[in-house]
Amino acid sequence: QVQVVESGGGLVQSGGSLRLSCAASGGTSIDYAMGWFRRAPGKEREFVAAISWSGGAKYLGDSVRGRFTISRGNAKNTVYLQMNGLKPEDTAVYYCAAAGGAYGTADDYDYWGQGTQVTVSS
């Protein structure tokens with residue numbers, strides 16, 4: 001089994017920044033693409049960002065493009081989400097997930113973290 005763990009969430013003022021970290025462990029035979037999703041109160045799960053296993057391809061959701069950046073760490077099993085210019089509407093539980101093949105939809109992701117809360121105050 002692959003364990004996915006997120007960290008870095010917290011409370012920040014509008015306009016502030018946070019960096020979320022994600023680490024996947026336990027898998028040795030598959031290189032994973034990584035993605036970030038979020039779920040705000042009363043809303044469906046929303047795609048935030050994704051990155052290929054090599055870090056060569058990156059994708060951002062429309063609502064965060066220009067403000068958020070996804071990147072791989074020096075180790076391939078780590079990924080970061082740099083969130084700048086945070087808005088109250090960014091308040092959500094953020095989930096990191098790992099995909100063993102395609103990673104274009106949430107159903108492609110095999111392993112999910114427990115989520116980390118991001119709260120942006122106005």
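In this chain, numbering begins with 1 at the start of the sequence shown.
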Any [X] side-chain heavy atom under 4.5 Å of [Y] side chain:
X: Phe68; Y: Asn84; value: no
X: Asp90; Y: Arg67; value: yes
X: Tyr95; Y: Trp36; value: no
X: Val2; Y: Asp110; value: no
X: Trp112; Y: Val4; value: no
X: Leu18; Y: Leu86; value: yes
X: Val12; Y: Ser17; value: no

Please say which of Phe37, Tyr103, Phe47 ends up in a ring pair (Phe, Tyr, Trp, His ring centres under 6.0 Å) with Tyr109. Phe37

Enter the distance from [X]:[atom1] to [Y]:[atom2] here, rounded to the nearest 0.5 Å.
X: Lys87; Y: Ser122; atom1: NZ; atom2: OG; result: 14.0 Å
X: Ser52; Y: Arg72; atom1: OG; atom2: CZ; result: 7.0 Å
X: Ser14; Y: Glu89; atom1: OG; atom2: CD; result: 7.5 Å

Residues Asp62 and Arg65 bridged, charged N to O under 4.0 Å: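 Yes.
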
Arg19 and Tyr80 side chains, donor-acceptor separation under 3.5 Å: no

Could you tell me whether the side chains of Arg38 and Thr116 share a donor-acceptor contact shorter than 3.5 Å? no

Shared hydrophobic cluster, Val93 / Met34 (ILVMFWY, side-chain heavy atoms < 4.5 Å):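 Per the 4.5 Å side-chain linkage, Val93 and Met34 are not co-clustered.
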
Candidates Val64, Ile51, Leu20 - the one meeting side chain to side chain contact (heavy atoms under 4.5 Å, CB included) with Ile70: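 In the set Val64, Ile51, Leu20, the residue that makes a side chain to side chain contact (heavy atoms under 4.5 Å, CB included) with Ile70 is Ile51.
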
Hey, does the side chain of Glu6 reach the backbone of Gly115 with a donor-acceptor pair shorter than 3.5 angstrom?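 Yes: the side chain of Glu6 pairs with the backbone of Gly115.
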
